[in-house]
Number of protein chains: 2
Amino acid sequence: MPGIVPRGRRGPEVAGTGEDDSVWAEGQVRTITDLARLAGVSAGTVSRALAGNTLVNARTRERIQQLARSHGFQLNQMASNLRRQKTGVVGVAIPLGHDRRQQISDGFFMTLLGHLADELTQRGYDLMLRRVLPERDEDWLSRFSGSGMVDGLIVIGQSDQFERIEAAAAEYLPMVVWGNHQEGQRHCVVGTDNRLGGRLAAERLIAAGATRLAFFGDAEPMEFAARFAGACDVAARAGVSILACPTSLSVEPMTREIAHHLHSNAGGFDGIFAATDTIAVACLKALRDAGRAVPGHVRLVGFDDLPIASQTSPPLTTIRQDIAAGARALVDLLMRRLGGENTESLVMPPRLIARGTA
Amino acid sequence: MPGIVPRGRRGPEVAGTGEDDSVWAEGQVRTITDLARLAGVSAGTVSRALAGNTLVNARTRERIQQLARSHGFQLNQMASNLRRQKTGVVGVAIPLGHDRRQQISDGFFMTLLGHLADELTQRGYDLMLRRVLPERDEDWLSRFSGSGMVDGLIVIGQSDQFERIEAAAAEYLPMVVWGNHQEGQRHCVVGTDNRLGGRLAAERLIAAGATRLAFFGDAEPMEFAARFAGACDVAARAGVSILACPTSLSVEPMTREIAHHLHSNAGGFDGIFAATDTIAVACLKALRDAGRAVPGHVRLVGFDDLPIASQTSPPLTTIRQDIAAGARALVDLLMRRLGGENTESLVMPPRLIARGTA
DNA sequence: CGCAAAATTTCAAACGTTTGCATTTTTGGG
DNA sequence: CCCAAAAATGCAAACGTTTGAAATTTTGCG
């Protein structure tokens, strides 16, 4: 099988014939021991030398590092991890409770993930991504945290797993969650004040002249529920109605549902608060197709301020979450927790970005 | 420090006082040995039992599994991996050659990543994500593959690292790359026939009445270069001009550059081929802002067929890459390579999705 | 030079599994 | 009941590093 070079485990080691390597590992310097033999020192010294430990003589250290480089030596992380009881890997779990598909390719998640990758890389950590289906695997959380494969965990979105996350938080310190904050909760969460965001959105719609509101989105996940609740606060105070229009996040159902809502509640609302920019964009399209002017007939406010938000026409008025800052905070808090600290949650303020749709 | 429960390594083990656990690990059953003691069998038997090995008596097996469950026992993957010389993890590397930022949050990458996560999960593999900056770290590829942390590698995008990838492919089998295919290349690649895609785009623009074309995008990365080349093929054959308008993928520079191109080449073209849907959407917006009708004055074709493509108005005519199929193929080929097979590259046909902009 | 202190290196025991082989127990046919 | 074969279990050596502690070498000062 030419071209195939297995990382060959070597066979039973017969008493070595001097400095010559066994036939199995043709000259390859695979282990720290190989390197030690080559350098004429012990494995321990090589280990320390590669780690830059000043315990070993500067000259020796340099020589060994040089040798390692020239032989393309790679430290076996697995072994190193086992011995040191840490991995340099942070797990990122995305629980897919309701909306199985799409959630991960939703602009928001992806943007957050990108920023997380940046932040973690910068601090020398790798990122292990795992999508979990809680209904298939009850034990997803302790499974991930207890696997020994990750030093800590970032959970993106609470989905419908609030309770399980709470339980895990009691005995697993290095975990930080992106999501909604609830009075007195145990787990450390980073997120936007969704309720306040909902208020801002509703206020804006009303200020723009809306008198009958509609909320487009799935009010099941906590974050969305809070947004909805915020809007309800304001609607109640202002004495305007608000209609819940369940809308999923996957593309096809979403367009179908939006069309349905627009059709069956034709005159039912003149202001839409979309749970997500993704939904808002779809609404904009549907409204245009239905010949309803935005913001003339219907006002529209989104949530997130994803890149697309500024690319529609008219550009989307929306509630901004600072995703980059969120990612930074998640990683920062996790690092502190890895250091044994018991950190508080961080709730960031949302900000209204007034553009063309309301 | 209440609430903090380290995975406590236990102290020096004094001769055990019977079945009672040492004070250090308060009742926790952490290792397979703990479990073995509890079950009154040897560690080996426990290991086999947990693995479902039929060598151990069915009754014993069930009993041990039950015990493991009830004590929330988690196998230490690190140790298991070390011993078995495999990890169950596939590395996904995203080299960021040119366009450092945004690339990862670009809709295309993210969608691909989402599908990869799905496919890998389904086959019982985890996904380790690593963004690499080749200019900072010459050795990124062998570093990743040789770390012992991953069983195989998927590289997303060749960036400007074609040569390095070629070199790695010579000695590292389990690697598959998303990108462009070049005659006689060594590494196994999955991707779309970008050149053909470019042709389809240009043909469509011309069929829609365009007489002077423009290409918006960075022609540096191979994939984009091929798209451009394809468009050039057709333009030359049809005797129409084609203007290269360098455009980056990051949001702010992108909008700036597009505005600039539209302004300084006001009458220079009446058909735009955008290297990416993301760019196309921005173009659409800019054209509208400039008061130029699409497809009346200017025809527009994108590339990728991202979800947004159908959400603009008019909806985007674009060249579709089947991202889900791509992800499936990447994983499939990688699995075959993990099995020792030496697989061929896969070049998928692009497809024109005719919508409203050309 | 001699000798203690400092600097450097080696030794060997972990880290928690897996697995070939040896050993013990069970089974079943005579 | 006996004894070989089959089934089940135990033993111990890996996997490749890291790291106290012990052992060795070098240094520096009188």
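Fair warning: this is a prediction, and the values are worked out from it, not measured in the lab. Convention: sequence-line order gives letters A, B, ...; per-chain numbering from 1.
- The shortest side-chain heavy-atom distance between B:E62 and B:R59 does not fall under the 4.5 Å cut-off.
- A:S80 comes within contact range of the sugar-phosphate backbone alone, with a heavy-atom separation under 4.0 Å but no base atom that close.
- Looking at A:R83, its side chain comes within 3.5 Å of the base of D:dT18 through a donor and an acceptor atom.
- Put simply, CD on A:Q74 is 19 Å from P on D:dC15, counting in whole angstrom units.
- Among A:T60, A:T33, A:L75, A:I64, the single residue meeting the side chain to side chain contact (heavy atoms under 4.5 Å, CB included) criterion with A:V46 is A:I64.
- We find that CD of B:Q77 is positioned 19 Å from P of C:dC15, with the value rounded to whole Å.
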Between protein and nucleic acid, restricted to nucleotides 7-10 of chain C and to nitrogen or oxygen atoms under 3.5 Å apart, what atom pairs and distances do you find?
residue, atom, partner, partner atom, Å
C:dT9, OP1, A:T60, OG1, 2.9
C:dT9, OP2, A:N57, N, 3.0
C:dT10, OP2, A:S42, N, 2.8
C:dT10, OP2, A:S42, OG, 3.2
C:dT10, OP2, A:T45, OG1, 2.9
C:dT10, O4, A:R48, NH2, 2.5

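- With rounding to whole Å, B:K86 atom NZ is found 16 Å from D:dG16 atom P.
- By the 4.5 Å heavy-atom criterion applied to side chains, B:I156 and B:L116 are counted as neighbours.
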Exercise for review: Would you sort out whether B:Q66 and B:R69 count as a side-chain hydrogen bond (donor to acceptor under 3.5 Å, both in side chains), showing the intermediate values?
Suggested key: CA-CA 5 Å; B:Q66 176 53 47; B:R69 262 193 303 274; 3.2 Å; yes
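- Counting to the nearest Å, the C1' atom of D:dT19 and the CG atom of A:N53 are 10 Å from each other.
- Side-chain nitrogen and oxygen atoms of B:Q85 include none within less than 4.0 Å of the OP1 or OP2 phosphate oxygen of D:dA14.
- The interatomic distance linking A:R30 (CZ) with D:dT17 (C1') rounds to 13 Å, in whole Å.
- Note on A:R123 versus A:D332: salt bridge recorded, some NZ/NE/NH1/NH2 to OD/OE distance being below 4.0 Å.
- At a threshold of 4.0 Å, the pair B:R328-B:D118 does not count as salt-bridged, since none of the basic side-chain nitrogens sits closer than that to a carboxylate oxygen.
- The side chain of A:R84 lies closest to D:dT18, out of C:dG16, D:dT18, D:dT17.
- Residues A:L141 and A:L153 are in side-chain contact: their nearest non-hydrogen atoms beyond the backbone lie under 4.5 Å apart.
- Here the C1' atom of nucleotide D:dT17 and the CG atom of A:L35 are 13 Å apart, to the nearest Å.
- Between B:R61 atom CZ and D:dT9 atom P there is a gap of 10 Å when expressed in whole angstrom units.
- To the nearest angstrom, P of D:dT26 lies 11 Å from CZ of A:R59.
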